[in-house]
Structure formats: C-alpha cells, structure tokens
Amino acid sequence: MEVHEEERLCGKCRFACGLYSYNLRDVFTWRLLKTIVMGQVLSLLICGTAVSCQCLVNVGVETPMLQSFFNYALLLLVYTTILCTRKGDRNILQILRTKWWKYLLMGVADVEANYAVVKAYQFTTLTSIQLLDCFVIPVLMVLSWFLLKTRYRLVHFVAVAVCLLGVGAMVGADIVAGRDQESTDVVLGDGLVLLSAVLYAVSNVGQEYTVKNLSRVEFLGMMGLFGTLISGAQLAVLEAGAAWAIKWDLHVSVLFAVYALCMYALYSFMPVVVKMTSATAVNLSLLTADLFSLFCGLFLFRYTFSTLYIVSFLVITVGFIMFNAAPTYSALPESGSGGDDDADPPAEVSGDLTAESSSDRRMSAGGDGPAAEMLRAVL
C-alpha cells in the first residue's frame, strides 16, 4: 500500500514538472523538427522586415505607419475579399454584425504594438529593446493561463528561462561589439517597448483563440479590414508630411515592397504555426529573429561578428526544444475552424500534444471557469 502511494506521489511530481519517461525518439519527432523549421521561417521573415526597415532609415525614410499600412492593405485585398465572397454565418457582414468590436480591439492592439516598438528605437537603446521586448513571453503565459486556461509545467518555465539566457548572450555580444547607441529618453523608450510587449501579447492570445476555434481566414480578413482603417487614420494624422516627402525611386520602392511582402507572409503564415503549437511557443522561436538580422548586418552594415551570437542561437534553440518536449493542456475545447478551407484536424503539438494523462483530465475536470467565459465573451 505504501509502495503504491509512493508511486502515485512520484507520478504527480513527474506530471507537475513535465518529466515523463520520454526517450529521444519521443522528443525529437518529425513534428518537432517541422515546428522548429516553421518557427525559424517566421524569424527569417521578421529579419527581412528589420533589414528592409533599417535600409529605409539609412536613405532617410522613417514612416513605420506607412509601412504597416501596406501590409494591412495586402491582407485586406486577399483575405477580406475572401470573406466577402462567402455566404451565411461566414460572410463578412454577419461577422461584422456580431463581432465587429472584438476584432476592432484586436486590430488596435496589433497596430499600436507595431508602431510603439518601432517608435521606441528613437528614444532608447538597442539593448533595452532586446531585453524588454522579451516581456511579451511572461505576459503571454499569464494571459494564456487565465484566458485560454493553458496549464504549464516546471519544465516550461525552465525552458523560458533558458531562452531568455540566450537573449542575454546576444545582448552581451552587442555590448562587446559596441552596437549599442546613445539614448535620448530612456524612460519613454522603455515604456514604449513594454507597452508594445503587452499589446502584442493581447493580440497573440486573441489570434491563438481565433485560429484554433474559428478560422485563420476570418482572423486575417478582420485584421486586414480594421488594420487598414486604423493604420490609415493614424498615417493621415501622424505621418502625412513624411509620406509626401518621400523621394520615390526604384531603390526605395523595392525596400517598401520587401518590407510589405515579408510582413504579409509573416501574418499569413504565423496563424498556421500558432494553430500547430501555441502563441507562447511561437514567440520563443521568434527570439532568434534578432540573430538573423545580426547575421545579415555582418554583410550589409559591417557589424562585428562574435561567437556569442552562435552560442545565443544554440541556447535559444535548446530552450525551444525543451518547451515543446513536454505537453501543456488547455481546458478550453476547440470547436474547429468553422468549415473554412484552411481547416485542419485538431493540432497535436506542444500545446495539445499526445494522449492526455489521467492527471491532465483531472486538472481540467472543473470545466470552463470564469476566465474562459470572459474570453468567449470577448472573442
């Protein structure tokens, strides 16, 4: 009897820590490899936006809202048009009639997050931005815990700490290489980065819920519609003069096109990866985006190379593998994607992987709590 009780307690401990009797074949699956590769594709797309944005700054063009406007306009032309052609409950008019204010809030969060982080570069240092931008991960975990009812284990928190350690190595390499610039208003700049992180977290949680329970096309169509309206209005108020002052030539036009296409591909592809994994896992994989930008900078902007960049990449990758090696569990039921063309079978990833243990089921036996009801009311 005592032996049985001891085994039961050990089982609970292994469950809480996420330590199962996995062999390497259980951890290093094709699905994990696909997840890693897709996450790095997203990082490369962010690298493309960062490099093209830096090149625009180098030629005297600083219009972050205009750049975002082109991205949202592309989403509008493609995905919003698809929604307009649908019938019944999936038609854009029906969606706007019932959920317009919800997507408006998500659109505001997404547009202002993009604007705030670009604006922060004018006031604070690169080191501060790289460090404080990681604030999106703990905020995402907190929001996912209460709103999506995602349950993390000890190994997930250790994995996040490992990834942040990799970011620390990257920042250290920047300081050693002398890439940090002078700041003009540290408090304002750091505040903008933190605000951006919170808004990104809100947008990403809304994205995860929508693509897993409703539709990727609906999410992108609504983001295209409201993103275009919001960024267009903000562009007219804040950047009209700067936009008119742009001297358009082939070089500038190509840079704008590269930025817009990379952002469009990022927005189109990210919901696919989020549906496979989770918003938290995706943001962990995106920590390598700065590294890809640095590698490009070695050739384009003559940055100084440091072996710490390689160490940082490897550490972040190890942390990402650790995060995905043990499954989390969400008590919110996935209602499917509403019959959309982009519908896939329920994803089994780091977020909803493998067969649930009896402890998983006991943990969620309480059903949807007040937080879950609140999220459904908003989304």
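- Judged purely by distance below 3.5 Å, without hydrogens or angles, the side chains of Glu218 and Thr210 never pair a donor atom with an acceptor atom.
- The shortest distance between side-chain heavy atoms of Tyr72 and Asn114 falls below 4.5 Å.
- Here Cys163 contributes atom SG and Leu284 contributes atom CG; the two are 4.5 Å apart, rounded to the nearest 0.5 Å.
- Classification of the Trp248-Phe256 ring pair by plane angle, with boundaries at 30° and 60°, yields tilted.
- Checking side-chain atoms of Ser312 against main-chain N and O of Leu308 turns up no donor-acceptor pair under 3.5 Å.
- For the pair Glu239 and Tyr115, the minimum side-chain heavy-atom distance is below 4.5 Å.
- Rounding to the nearest 0.5 Å places CG of Asn91 at 8.5 Å from CG of Leu96.
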Step-by-step side-chain contact (heavy atoms from CB on, under 4.5 Å) determination, Ile36 to Ile321
CA-CA 8 Å; Ile36 294 174; Ile321 293 174; 3.7 Å; yes
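- When all heavy atoms of Arg90 and Ile95 are compared, the pair lying nearest together is O-CD1, 3.7 Å.
- When all heavy atoms of Leu75 and Ser268 are compared, the pair lying nearest together is CD2-OG, 4.3 Å.
- Using a distance-only test at 3.5 Å, with no hydrogens or angles considered, no donor-acceptor pair links the side chain of Gln67 to the main chain of Tyr259.
- When all heavy atoms of Ile46 and Thr49 are compared, the closest pair comes out as O-OG1, 2.6 Å.
- With hydrophobic clusters built from ILVMFWY side chains whose heavy atoms lie under 4.5 angstrom apart, Val205 shares a cluster with Val142.
- A single hydrophobic cluster is seen to contain both Trp145 and Tyr209, as judged by linkage of ILVMFWY side chains at heavy-atom distances under 4.5 Å, directly or through other members.
- Linking ILVMFWY residues whenever their side-chain heavy atoms come closer than 4.5 Å, directly or via other members, leaves Leu132 and Leu199 in distinct clusters.
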Set out, in order, the CA-CA distance, both residues' side-chain angles and the distance that settles side-chain contact (heavy atoms from CB on, under 4.5 Å) for Val61 and Leu255, then state yes or no.
CA-CA 10 Å; Val61 177; Leu255 290 176; over 6 Å; no
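- Between the side chain of Ser196 and the backbone N or O of Leu192, no donor-acceptor pair lies under 3.5 Å.
- Looking only at side-chain heavy atoms (C-beta outward), Phe226 and Met106 stay at 4.5 Å or farther from each other.
- Distance check, rounded to the nearest 0.5 Å: OG1 of Thr277 to CE of Met38 gives 8.5 Å.
- Hydrophobic cluster membership is shared by Ile230 and Trp100, with clusters built from Ile, Leu, Val, Met, Phe, Trp and Tyr side chains linked at under 4.5 angstrom.
- With no hydrogens or angles considered, a side-chain donor-acceptor pair links Thr288 and Ser43 at under 3.5 Å.
- Minimum heavy-atom separation, Gly48 to Val258: O-CG1, 4.4 Å.
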Begin from the C-alpha positions of Arg31 and Asn324 and carry the test side-chain contact (heavy atoms from CB on, under 4.5 Å) through to its verdict.
CA-CA 10 Å; Arg31 190 175 194 86; Asn324 286 275; over 6 Å; no
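- Aromatic ring pairs are classed by plane angle as parallel below 30°, tilted from 30° to 60° and perpendicular above 60°; the pair Phe323 and Tyr152 is tilted.
- Between Ile316 and Leu291, some side-chain heavy-atom pair lies under the 4.5 Å cut-off.
- Between Met65 and Val111 the shortest side-chain heavy-atom distance falls below 4.5 Å.
- Checking each of Thr317, Val315, Ile310 against Phe313 for a side chain to side chain contact (heavy atoms under 4.5 Å, CB included) leaves exactly one that passes, namely Thr317.
- To the nearest 0.5 Å, atoms OG1 (Thr98) and CG (Leu93) are separated by 10.5 Å.
- Here CG of Asn71 is found 8.5 Å from OG1 of Thr228. Values are rounded to the nearest 0.5 Å.
- Shown here for Glu208 and Ser144, the closest heavy-atom pair between the two residues is OE1-OG, 4.4 Å.
- Heavy atoms only, all atoms of each residue included: Leu83 and Gly221 are closest at CD1-CA, 3.8 Å.
- The closest side-chain donor-acceptor pair between Asn283 and Tyr200, if any, does not fall under 3.5 angstrom.
- A distance of 8.5 Å separates CZ of Phe70 from CG of Leu235, quoted to the nearest 0.5 Å.
- Between Met322 and Val158, the closest side-chain pair of non-hydrogen atoms falls below 4.5 Å.
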Should Thr280 and His156 be marked as a side-chain contact (heavy atoms from CB on, under 4.5 Å) after you check the CA-CA gap, both sets of side-chain angles, and the distance that decides it?
CA-CA 10 Å; Thr280 303; His156 296 118; over 6 Å; no
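- Using a 4.5 Å heavy-atom threshold, the side chains of Cys296 and Cys47 count as touching.
- Ser68 places a side-chain N or O within 3.5 Å of a backbone atom of Pro64 that can act as its donor or acceptor partner.
- Phe219 places none of its side-chain heavy atoms less than 4.5 Å from the side chain of Tyr79.
- When hydrophobic clusters are built by joining Ile, Leu, Val, Met, Phe, Trp and Tyr residues whose side-chain heavy atoms come closer than 4.5 Å, directly or via intermediates, Val252 is grouped together with Leu66.
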